[in-house]
Amino acid sequence: MTRTKIAAILHNPTLNQQILVKAWVRTKRGNKNVNFIALNDGSTIENIQVVAESSLFSDESLKDVTTGACIAVKGTLKASQGAGQSVELEAESIEILGKADPETYPLQPKKHSLEFLREIAHLRPRSSTFSAVFRIRHQLSYAVHTFFHQKGFSYIHTPIITASDAEGAGEMFQVTTLDLNKIPKDEAGKIDFKNDFFGRQANLTVSGQLEGELFAMALGEIYTFGPTFRAENSNTARHLAEFWMIEPEMAFYELPENMALAEEFLKYLISYILENCKADLDFLAKRFEEEEKNKKQEERAEMGLLEKLEFVRSNDFVKLTYTEAIEILKDSKPNKKGQFKYPIEKWGSDLQSEHERFLVEKHFKKPVILYNYPKEIKAFYMKQNPDNTTVAAMDVLFPGIGEIIGGSQREENLEKLSHRIKEVGIEEHALWWYLDTRKFGACPHSGFGLGFERLMLFITGMSNIRDVIPFPRTPQNADF
RNA sequence: UCCUCCUUAGCUCAGUUGGUUAGAGCACAUGACUGUUAAUCAUGGGGUCCUUGGUUCAAGUCCAAGAGGGGGAGCCA
């Protein structure tokens, strides 16, 4: 007899039929005459209730049916006599597939703190919250591919190990096979990489963008979706040392088309989850609501999770230049009252979190796309505007998350790009292959990077980025 | 990396001004109970009070250093 998944049983129940369920025990309760076992197999957030009559199953035979154990139940699906569920499985035989000693199994049928669950990351997907989060994570990945596929983009696997040390996106993890106890040095006393695996210094990628641009110059519209590594000592609820990033890169797109794509993309992804993950989202929305109750009045979110997602999907994002943002901030109440830790004084300084949060959460109360930033605070490859002071950069800012997308139109003019490379002190010869795209058949093009986990935070309503990736990598933590 | 708060039973937490044998709820074990919904009720077992050092007649409580964690900031996605 083949097993039936719980999702299939509950979504399309056929009563009085014999079925086989294989799943993990969430709780068992009962009395002298009957036992109730709540079972979950991960196919859905919902449990199925197994009814084990004492006439068929002695207490002894159910001794090992404890929270966390894996069992196989053969029985008949019946309309439930109880109130909490419409159908239940009347057990005819129960086989213990794997015991879980209740004295030592750490997950209990009660609410655990996220901090505790993080310490048992190997077991936390068996909890309701994390199973919901990770089913959504799968659906969201699928939606990313679906969106780009439907638009004719090609998925490009850019390398995870790169020898390019000029990307400037952040601190890098070095990849080496050299014996760290006997590092070879040259005459000048510098590390000799000739005998290293690649014959030169190599690192884990901090971005697939530069390689992505090469393929956009050939296939037109491409995207990458892969792991990204930053060795920054960042200890926040929004940063990981290993995270997943989606980076589309499009030939012939200028900044306005780039912004429009970013907005369409985010709305598509949110819609997809709203339409395809209803049960999991409902659970997370309830959870979100309870978390909000524990917060102080002034820190509570104005909208519930579903309301917030609905709002973002159905409202236009505000598009605003850096210069306009500075004007708004200069005239804002908190700036005049001295409530900003970093007061807005002059044009040209980078915006702090508090400024972005004011614009998004207080002033506009919706997602904001800021564009045309001062060139000094942005990367070398961004398109220089005719004013000679700004670049065609854009940041998409989300409430509660901050920067969720960073992107730009790229500088396609060889002279301007090479001038900027020298200005910021990057060695030009290391980027010869990148500069070749500007030498041979250059064209206007654009792209952006979306932090996958940051979007997960927004969609699931979780508050720590470590809780939306299966095994978080952060400074001082690479367990599991 | 900086600021700040926290660390007491398997989990969540209380522990007053330093003072006898450190508590509660849940979990677990045993028993009761005719359909439960994180079942309920009774009884019971369970402690490196994060670590090290110091002050004191006396430290879970005060001081110092270290470790781990939360929140905020910086860097960014």
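Each chain gets a letter, A, B and so on, in the order its sequence line appears, and its residues count up from 1.
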Asker: Which pairs pass salt bridge (charged side-chain N to carboxylate O under 4.0 Å, His left out) with one or both residues in residues 337-365 of chain A, sequence neighbours excluded?
Answerer: A/Glu302-A/Lys365, A/Arg357-A/Glu361
Asker: Using a 4.0 Å heavy-atom cut-off, does A/Gly449 contact any base of the nucleic acid, only the sugar-phosphate backbone, or nothing at all?
Answerer: sugar-phosphate
Asker: Stems in RNA chain B: runs of 3 or more consecutive Watson-Crick or G-U pairs, distances under 3.5 Å?
Answerer: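 When the pairs of RNA chain B are grouped into runs of at least three, the stems are B:1-7 with B:67-73, B:10-13 with B:23-26, B:28-32 with B:40-44, B:50-54 with B:62-66.
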Asker: As a test of reading the structure: which of B/rG35, B/rA73, B/rA77 is closest to the side chain of A/Met245, going by heavy atoms?
Answerer: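 The listed nucleotide nearest to A/Met245's side chain is B/rA77.
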Asker: In whole Å, what separates the C1' atom of B/rG68 from that of B/rU8?
Answerer: 16 Å
Asker: For atom P, what is the distance between B/rA38 and B/rC28, given to the nearest Å?
Answerer: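 Straight-line distance between the two P atoms is 15 Å.
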Asker: For residues 236-248 of chain A, please give each side-chain donor-acceptor pair under 3.5 Å, one per line with the distance, not counting sequence neighbours.
Answerer:
unit_1, atom_1, unit_2, atom_2, d
A/Thr236, OG1, A/Arg238, N, 2.9
A/Thr236, OG1, A/His239, N, 3.2
A/Thr236, OG1, A/His239, ND1, 2.7
A/His239, NE2, A/Arg454, NH2, 3.4
A/Glu247, OE1, A/Gly208, N, 2.7
A/Glu247, OE2, A/Ser207, OG, 2.9

Asker: Which ones in residues 102-126 of chain A lie close to RNA chain B, meaning a heavy atom under 4.0 Å from one of its atoms?
Answerer: A/Pro102, A/Glu103, A/Gln108, A/Pro109, A/Lys110, A/His112, A/Ser113, A/Glu115, A/Phe116, A/Arg118
Asker: Categorize A/Leu455 for me: base, sugar-phosphate, or nothing, with a 4.0 angstrom heavy-atom threshold over every strand shown.
Answerer: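 Nothing, no nucleic acid heavy atom in range.
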Asker: With ring pair (Phe, Tyr, Trp, His ring centres under 6.0 Å) as the rule and sequence neighbours excluded, what pairs involving residues 45-75 of chain A come up?
Answerer: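 Output for this query is empty, none listed.
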Asker: Residues two or more places apart in sequence or in another chain: which of them pass salt bridge (charged side-chain N to carboxylate O under 4.0 Å, His left out) with A/Lys267?
Answerer: A/Glu263, A/Asp316
Asker: Any side-chain heavy atom of A/Gln409 sitting closer than 4.5 Å to one from A/Asn258?
Answerer: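 No - every pair of side-chain heavy atoms lies 4.5 Å or more apart.
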Asker: Would you check if A/Phe36 stacks with the base of B/rA39, given a 5.5 Å centroid limit and a 30° plane limit, both strict?
Answerer: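 Aromatic stack with B/rA39 absent for A/Phe36.
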Asker: Tell me, which pairs form a salt bridge (charged side-chain N to carboxylate O under 4.0 Å, His left out) where one or both residues lie in residues 39-48 of chain A, sequence neighbours left out?
Answerer: A/Arg3-A/Asp41
Asker: Keeping to residues at least two apart or across chains, list the side chain to side chain donor-acceptor pair (under 3.5 Å) pairs with something in residues 106-120 of chain A.
Answerer: A/Arg118-A/Asp467
Asker: Kindly state each residue pair satisfying salt bridge (charged side-chain N to carboxylate O under 4.0 Å, His left out) with at least one member in residues 75-93 of chain A, sequence neighbours excluded.
Answerer: A/Lys78-A/Glu90
Asker: For A/Thr390 and A/Asn372, which I'm curious about, is there any donor-acceptor pair between the side chains at under 3.5 Å?
Answerer: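 Checked: A/Thr390/A/Asn372 side chains show no N/O donor-acceptor pair below 3.5 Å.
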Asker: What contact category does A/Thr236 fall into here, base, sugar-phosphate, or nothing, at under 4.0 angstrom with non-hydrogen atoms?
Answerer: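 Base contact - A/Thr236 has a heavy atom under 4.0 Å of at least one base atom.
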Asker: Quick one: which protein N/O atoms are closer than 3.5 Å to N/O atoms of nucleotides 48-52 of chain B? Pair and distance per line, please.
Answerer:
none

Asker: Quick one: salt bridge (charged side-chain N to carboxylate O under 4.0 Å, His left out) partners of A/Lys308, sequence neighbours excluded?
Answerer: none
Asker: Expressed as a whole number of Å, how far does the P atom of B/rC6 sit from that of B/rA24?
Answerer: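 B/rC6 and B/rA24 have their P atoms separated by 25 Å.
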Asker: For A/Ile404, which contact category applies under a 4.0 Å heavy-atom criterion: base, sugar-phosphate, or nothing?
Answerer: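 Result for A/Ile404 = sugar-phosphate.
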Asker: Applying ring pair (Phe, Tyr, Trp, His ring centres under 6.0 Å) as the test, list every pair that has at least one member in residues 457-480 of chain A; sequence neighbours left out.
Answerer: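 As it turns out, the ring pair (Phe, Tyr, Trp, His ring centres under 6.0 Å) pairs with a partner in residues 457-480 of chain A, which skip direct neighbours, are A/His122-A/Phe480, A/Phe398-A/Phe458.
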Asker: Answer with base, sugar-phosphate or nothing: what part of the nucleic acid does A/Thr27 contact at a heavy-atom distance below 4.0 Å?
Answerer: sugar-phosphate
